[in-house]
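What follows is a single structure, written as structure tokens, with notes after it.
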Amino acid sequence: MSALLIRKELHEMIDVVDDRLVAAVYVMLQSLIQEDGAVVGKTTNGEALTKVGFIARVREGYADGKGGNVKSSEALLAEIES
């Protein structure tokens, strides 16, 4: 099921379920959102890297690779040595 269909069904469910369940789902989602902002590492510049930021960087790198925006190992070695 696509994310769009899941979102649509969730909206429909929220309109009909008990308020206690809505509150519980809200608390769970808030917890997940806060976890996404947790620092999971540091960048090469020493800046804090959050879970969301890390995932974004991985996706960006993957897109660069698929788009052919990569360096050969020779070019990378030459850049490191200079």
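None of the values given here were measured: they were computed from a predicted structure. The analysis underlying the following values was restricted to heavy atoms, covering all of them including side chains, and did not include hydrogens, waters or symmetry mates.
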Salt bridge (charged side-chain N to carboxylate O under 4.0 Å, His left out) involving Glu47 - partner list, sequence neighbours excluded: none

Inter-residue atom distance Asp19.CG - Ile14.CD1, 0.5 Å rounding: 11.5 Å

Residues that Lys71 engages under salt bridge (charged side-chain N to carboxylate O under 4.0 Å, His left out), provided they are two or more places apart: Glu79

Nearest heavy atoms of Val70 and Gly65, plus distance in Å: CG1-CA, 3.7 Å

Side chain to side chain, Leu49 and Arg57, heavy atoms closer than 4.5 Å: yes

side-chain contact (heavy atoms from CB on, under 4.5 Å) between Asp18 and Val22, worked out: CA-CA 7 Å; Asp18 183 81; Val22 172; over 6 Å; no

Matching residue for Tyr62 among Arg59, Lys66, Glu60 - test: side chain to side chain contact (heavy atoms under 4.5 Å, CB included): Lys66

Hydrophobic cluster membership, Val27 vs Leu21, 4.5 Å side-chain cutoff: no

Distance in Å, Ile6 CD1 paired with His11 NE2, rounded so as to fall on 0.5 Å steps: 12.0 Å

Spatial distance of atom CG (Leu10) from atom CG (Asp15) [nearest 0.5 Å]: 11.0 Å

Single-linkage hydrophobic cluster Val52~Ile55, side-chain heavy atoms < 4.5 angstrom: no

Side-chain touch Phe54/Val58, heavy atoms, less than 4.5 angstrom: yes

